[in-house]
Amino acid sequence: MDTDSKEKKLSLTMQIMLAMGVGAVLGIALNQWFADSIFVQQFITGGLFEVIGKIFVAALKMLVVPLVFVSLLSGVTALGDVSALGRISLKAISLYLLTTAIAISLALTLAVLISPGEGMHAGTTAASYAAQEAPPLSQVLIDMVPSNPIAAMADGNMLQVIVFALLFGVALTVSGRKGQHVLNFFNDLNVVIQHMVDLIMKLAPLGVFALIAKTFATQGLDLILPLAGYFFVVAGALVVHGIFSYGLLLKVFGRFQLIPFFYKMRSVQLFAFSTASSNATIPVNLKNVEERLGADNSIASFTIPLGATINMDGTAIMQGVATVFIANVYGIDLSVSDFLTVILTATLASIGTAGVPGVGLIMLAMVLGQVGLPVEGIALIIGVDRLLDMMRTAVNVTGDAAVTCIVAKSEKRLDSATFNDRTATFDLDPEPDAEVKQAT
Ligand code: ASP
């Protein structure tokens, strides 16, 4: 009976994977055979796919600020202990910085060994890239405190929203009975917003299909060839970091079983891949670590949005490989101290990199500037950046989830049975007999 109904209804992850596969094949086909068709460009790629994809991403983003604010309030107050908050922040931030430093070191090692871009000359490609100003670290720190919390929410400035929610949560905890009234309201609101997430996730297969089809139809695969060396070193480093570094970390710091973790991360990675935005993936990542990996809301509601804002391992990998690639193309030698500077700047840059598509490149300008490489070099790699952005975002969100599980377990706020249970599903994707199980 169980298997029967499972066969009839594909799980959400399967639906998303299928949608993605079909979208990729269709996109590549359109790119190959209908690239000149005005109809396809205007009405299919630039029309239908664009509209559906954008609506889907907007719908996800719509939930981020209310979800983070309300869920973080519930989480902080559930901790009930302000000193725990300091401890958790310290653990999470240290692990986030550690994973980023590992990521960039790995990327630099691979890039130096494989040396992409050697023999290619910048003179042959008219490189031009107007670098945008990357904010200095001091400004990033000052900007963490919102002078106007409503503006912070309106702008979707996540660090500021997190800081305000933490403070508000602490104040609620110490406000006694009055605080409890306000808190009850927010706890109920949290449940309502969770249901909104469920509703939007029902759209996921369609949204993912449109986003992927549009990307492949406009980008095609031909772009990759001239930059194959660069592309595959970044992709290789992302895979190695995504599997081995996180695997090692999960084992060493939490003695976790790895298969359930990676198995359950698939749907979150697909969301990240198709939206290329850690921020837009927050609702799904949060839901996944809580409902399927067993992390308590009091930890996850803080570490997931924080990670989406400051933890960018995949982005750091791209920046490491790009630095070596650009140095090779321009025939500039990097010294050991240059490499150390790259590790330090890219790790710090990841804190200031917002979790939205393409920002990694802006922060790359800062890294290049630190070691005296020409910022125009970015123009060389911009063509393949969209696809790499999708891949690195999938790694970024995996890092957020891994650190969340480690911190939650160290705080004894992770349900290992749920973590290890392969059949644990999202709420909206219930086991056919879940209600029966609950009732008994
Ligand atoms: N798209 C990335 C993210 O949202 C950031 C970047 O690398 O551009 O995580």
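Both ligands and their constituent atoms are indexed starting at 1 by order of listing. In this chain, residues are counted from 1 in sequence order. Values below: every heavy atom of this structure, side chains too, minus hydrogens, waters and symmetry copies.
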Pull out every atom of ligand 1 sitting under 4.0 Å from any heavy atom of [X], numbered as shown with elements.
X    : answer
T315 : 5 (C), 6 (C), 7 (O)
S278 : 3 (C), 4 (O), 9 (O)
S277 : 4 (O)
D389 : 1 (N), 2 (C), 6 (C), 7 (O), 8 (O)
T393 : 1 (N), 2 (C), 3 (C), 4 (O), 9 (O)

Cation-pi between R266 and F262: NZ/CZ under 6.0 Å from ring centre and within 45° of the ring axis?
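No, R266 and F262 do not form such a contact.
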Can you see whether F256 has K251 sitting over its ring - NZ or CZ less than 6.0 Å from the centre and within 45° of the normal?
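Here K251 fails the 6.0 Å and 45° test against F256.
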Those residues that, when tested against T215, pass side-chain contact (heavy atoms from CB on, under 4.5 Å) (two or more places apart):
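side-chain contact (heavy atoms from CB on, under 4.5 Å) check on T215 returns Q219, R386, M390.
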[X] N/O under 3.5 Å from ligand 1 N/O:
X    : value
M312 : no
R392 : yes
G360 : yes

N396 versus T315, side-chain donor and acceptor atoms under 3.5 Å
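The criterion, which ignores hydrogens and geometry beyond distance, is satisfied for N396 and T315.
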Show every salt bridge (charged side-chain N to carboxylate O under 4.0 Å, His left out) that has at least one partner inside residues 84-97, sequence neighbours left out.
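Output for this query lists R87-E411, K91-E411.
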Apply the test side chain to side chain contact (heavy atoms under 4.5 Å, CB included) to residues V68 and S301: give CA-CA distance (whole Å), side-chain angles for both, the deciding distance (0.1 Å), then the verdict.
CA-CA 7 Å; V68 169; S301 63; over 6 Å; no
With a 4.0 Å heavy-atom cut-off (strictly under), which part of A276 contacts ligand 1: side chain, backbone, both or neither?
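Under 4.0 Å from ligand 1, A276 contributes backbone atoms alone.
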Hey, do the aromatic rings of F49 and F209 have their centres closer than 6.0 Å?
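So the answer is yes for these two rings.
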